[in-house]
There are 2 protein chains.
Amino acid sequence: MGHKKIRNMEEFAAVSGLSRPTVSKYFNDPDSVRSSTRERIETAIEKYDYRPNIFAINQNRKLTKNIGIVVPYLADPFFAEIARKIQKRCFEAGFWPMLFSAHGEQQLENDILDGLRGLRPAGVLLAPLGRASDRAEIEKFTRDVPTVLFDSNIEGIGEAFVGSDNFSFVSQTVEYLTRSGEPPSFFEMQTPANPNANKRRLAYISMMERLGHEPNVIKVKGEGWEFERIGRDGALKILQERALPTDTVLCSNDRLAIGFLSACYELEIRVGRKEGCSLRVASNDDHPFAKFTSPSLTTAAHDYDSVANGSVETLFELIESGGRFSKRTETLYPAKLVLRASA
Amino acid sequence: MGHKKIRNMEEFAAVSGLSRPTVSKYFNDPDSVRSSTRERIETAIEKYDYRPNIFAINQNRKLTKNIGIVVPYLADPFFAEIARKIQKRCFEAGFWPMLFSAHGEQQLENDILDGLRGLRPAGVLLAPLGRASDRAEIEKFTRDVPTVLFDSNIEGIGEAFVGSDNFSFVSQTVEYLTRSGEPPSFFEMQTPANPNANKRRLAYISMMERLGHEPNVIKVKGEGWEFERIGRDGALKILQERALPTDTVLCSNDRLAIGFLSACYELEIRVGRKEGCSLRVASNDDHPFAKFTSPSLTTAAHDYDSVANGSVETLFELIESGGRFSKRTETLYPAKLVLRASA
DNA sequence: AATAAAAATTTGCGCGCGTAAATTTATTAT
DNA sequence: ATAATAAATTTACGCGCGCAAATTTTTATT
């Protein structure tokens, strides 16, 4: 309480009755000093509320405790949710996670990486913008900073990739929809920002062919990250023109589906598998709001926990391996089909 | 390209043909050196891709360029959206914004503030958890770090508060609903996490009394940040028990309303002002997804840009004022009523 | 009690920069 | 051209800590 302010580790070591290097050792790894010493330090911390200057630490340490987390668009609840989980895990492991969003802009993604480089992070978890990313810049970055990509893969970049298995998503939804009704059309953006969208389209086509059906891809106009609006506008157009070739639609992702459902409601088209419904809509992701759409959305769910934990674990391994893996690994988690009211 | 790596400012000054203090001066304020010198430095930066070590800078500077942004729950799109805007403005102003989410937990909020303190940020923008916040800890923090509260106020804490005027929200929705139909009941959580909820309830009661109607507050069970689920479960219960005293409901916030609408859909209760609708639902916030609910949500909209810009501007003023204001100010922005299909 | 092992200490250097005072050089005004 | 001003330089110190090597003290083993 009424103690004099401790200004640095020297003074703190003095009041603890220990030498500065010993205290320094403690802060680097509390288990590296004997337990009696550890207790003395910890009571002194309580008493004097001292903590080492983080800038001085990081200036001298070879490896900082910083971890960068970069997502393409934080206002997308999918990324918010996964970033939330990742950040929490990093905190618990004693790291200092710093979260950034590129807001869909290449320039900002580059700036963030540039700023991050200066922080000499122990590692970075990067979900790149995808198509809009500056591949060369990211590659340059990963040469300096141990990086694990997640969610959206860029071939050959980063020490590892952790994400979801798009084929598993689409194969389950297509299989289910086909089994329980008409085979679906596939609804997507014309120029998707995210490479997962391309994988999903290909998975859809391949699944349809395997099941002996004609694939039917519907591409709607739109760019950027306002998926709901794009989905809604595209669906309104197609539904009004009666250009929908099937009574079943598989949306590339939940945010498009949210827009699609909104259009259906507006046009008074009943969606679902109940009596009186003329359309079934399913999707992929299990967006946090998919439970609360009208009707609630049948979708293939990301294994959020596995992707978040897998990314973090992979990064920790990478850090412990000195920042390089001998071989770039790709870890894909399968989806879980979640049946709700919409299909 | 094929130049040797510059290791520090000393070396960089050498290849620029300048002295280190001059270069240092440039990095602190590019306009503080003569333009010919500035150009020499800037071409050298291009050529050698040098940037000063951020830890060494911050260790010695009185004031860092770090800005902390702390929100209570980042998976809430409202906070994601406002954090996005704030972070962008900080970047543009040459600061290094660091975004953190307390994930609804007091312990984590305290830990974040504790970690932030060590980064000696020039300033912090804090949207506290509210009821769950550790008032004493936050107050202690604000004594060390110049802090502007936003979104959710704690009386007397921080140098300023910037947020939305809850009375403006509720008065507009209540006035509109009353004018265009039956006066609304007010739908909220029993123990709201956020102090804005309390202000909204009081505003509702006062508006109803002013208009000569009996206020009717419906409180549903639930704690935490899963507002949609709480709204849905609460609405299901009340609607099934036919315990709704009016045909018009004003939800405390959009996330509750999203849950409410989901319950209505499930129970096949048509919501809106169109023919054949038996219920009107309105709300507050203009959540990013309010446009895409079924039906789309009539709501009082935050002035997102004003709140984001206002917070940032206030913080910048605070920083320029040396971290203290002579008087704590509170800036409240009014809502804009957005009429959609639900009411 | 003697010995080995572990922990703590002392000593001393280095990190990359900010900053202040005194001095020199370059620019502008008269 | 001379003086006045502005800009750049030199010199020197400090920030708070990491880290390594050599030494001393404490703890564990037999």
Side-chain angles (χ1 to χ4, degrees), chain A residues 4-45 48-66 94 96 115 117-122 144, chain B residues 4-45 48-66 94 96 115 117-120 122:
Chain A
K4 68 164 188 285
K5 260 273 186 182
I6 302 294
R7 312 187 65 84
N8 54 38
M9 198 181 276
E10 191 82 51
E11 290 183 19
F12 179 74
V15 299
S16 311
L18 295 167
S19 72
R20 189 177 65 76
T22 304
V23 173
S24 167
K25 219 171 158 211
Y26 166 84
F27 279 110
N28 280 312
D29 177 9
D31 292 325
S32 69
V33 302
R34 129 183 65 184
S35 65
S36 61
T37 311
R38 189 163 52 244
E39 278 165 29
R40 282 169 70 183
I41 293 177
E42 275 160 5
T43 45
I45 290 176
Y48 295 96
D49 195 39
Y50 167 77
R51 36 221 77 188
N53 180 305
I54 196 149
F55 299 110
I57 291 175
N58 285 332
Q59 181 177 13
N60 296 309
R61 240 209 275 268
K62 297 181 182 78
L63 216 56
T64 71
K65 283 284 187 180
N66 300 327
W96 182 249
R117 192 195 310 262
L119 292 174
R120 293 210 317 273
D144 295 348
Chain B
K4 68 165 185 289
K5 261 271 185 180
I6 301 293
R7 311 187 65 83
N8 53 39
M9 199 181 277
E10 191 81 52
E11 290 183 19
F12 179 74
V15 298
S16 311
L18 296 168
S19 74
R20 189 176 66 76
T22 305
V23 172
S24 167
K25 219 170 159 213
Y26 166 85
F27 279 109
N28 280 312
D29 178 10
D31 291 326
S32 69
V33 302
R34 126 184 69 185
S35 65
S36 62
T37 311
R38 189 164 51 245
E39 279 166 28
R40 283 169 70 182
I41 294 177
E42 275 160 6
T43 46
I45 291 176
Y48 294 96
D49 195 39
Y50 166 77
R51 37 219 78 188
N53 180 306
I54 196 150
F55 299 110
I57 291 175
N58 285 332
Q59 181 175 14
N60 296 309
R61 239 211 276 268
K62 297 177 183 77
L63 216 55
T64 71
K65 283 284 188 181
N66 300 327
W96 183 249
R117 192 196 311 263
L119 293 174
R120 292 210 316 272

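A, B, ... follow the sequence lines: proteins, then strands. Residue 1 opens every chain.
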| Can you find a pair of side-chain heavy atoms, one from A:F55 and one from B:N60, that are under 4.5 Å apart? | no
| Closer to the 5' end of DNA chain D via nearest nucleotide, is it A:S36 or A:R7? | A:R7
| Within-4.5 Å side-chain heavy-atom neighbours: B:Y50 and B:M9 | yes
| note | When rounded to whole Å, the CZ to C1' distance for the pair A:F55 and D:dC17 reads 13 Å
| Atom-pair distance (CE on A:M9; P on C:dT10), nearest Å | 16 Å
| request: Among the candidates D:dG16, C:dG16, D:dT26, find the nucleotide nearest to the side-chain atoms of A:R34. | output: D:dT26
| query | Ignoring hydrogens and angles, does a donor from either the side chain of B:R20 or the base of C:dG18 sit under 3.5 Å from an acceptor on the other? | reply | yes
| said: Counting C-beta onward and ignoring hydrogens, is there a side-chain heavy-atom pair between A:Y26 and A:L18 closer than 4.5 Å? | reply: no
| request: For A:P52, report the nucleic acid contact type (base, sugar-phosphate, nothing); a contact means any heavy atom under 4.0 Å. | output: sugar-phosphate
| Using a cut-off of less than 4.0 Å, is there contact between a side-chain N or O of A:Y50 and OP1 or OP2 of D:dC17? | yes
| message | With a 4.0 Å limit, can you tell me whether A:S24 has a side-chain N or O closer than that to the phosphate oxygens OP1/OP2 of D:dC17? | response | no
| message | Return whichever of B:R38 or B:Q59 has its heavy-atom-nearest nucleotide of DNA chain D closer to the 5' end. | response | B:R38
| field | Spacing of B:N8 atom CG relative to C:dG18 atom P, expressed in whole Å | value | 12 Å
| said: Using the side-chain heavy atoms of B:T22, tell me which of these nucleotides is nearest: C:dA26, D:dT9, D:dC17. | reply: D:dT9
| request: In whole angstrom, give the distance that lies between atom CD of A:E10 and atom P of D:dG18. | output: 12 Å
| message | Between the base of C:dG14 and the side chain of A:N60, is there a donor and acceptor pair under 3.5 angstrom? | response | yes
| Mapping A:V33 and B:F27 to their closest nucleotides on DNA chain C, which lands nearer the 5' end? | A:V33
| query | Below 4.5 Å, heavy atoms only, C-beta onward: do B:I54 and A:L119 meet side chain to side chain? | reply | yes
| said: Between C1' on C:dC15 and CD1 on B:I54, what's the gap in Å once rounded to a whole number? | reply: 16 Å
| request: Measure from the side-chain heavy atoms of A:P21 and tell me the nearest of D:dT10, D:dC17, C:dT10. | output: C:dT10
| task | Check the distance between C:dC15's P and A:R120's CZ and give it to me in whole angstrom. | result | 12 Å
| query | How close or far is atom P of D:dA7 from atom CZ of B:R40, stated in whole angstroms? | reply | 15 Å
| task | In whole angstrom, give the distance that lies between atom CD1 of B:I6 and atom P of C:dG16. | result | 12 Å
| field | Phosphate OP1/OP2 of C:dC17: any B:N58 side-chain N/O under 4.0 Å | value | no
| said: Looking at every non-hydrogen atom in both residues, tell me the closest pair between B:S32 and B:K25 and how far apart they are. | reply: OG-O, 3.3 Å
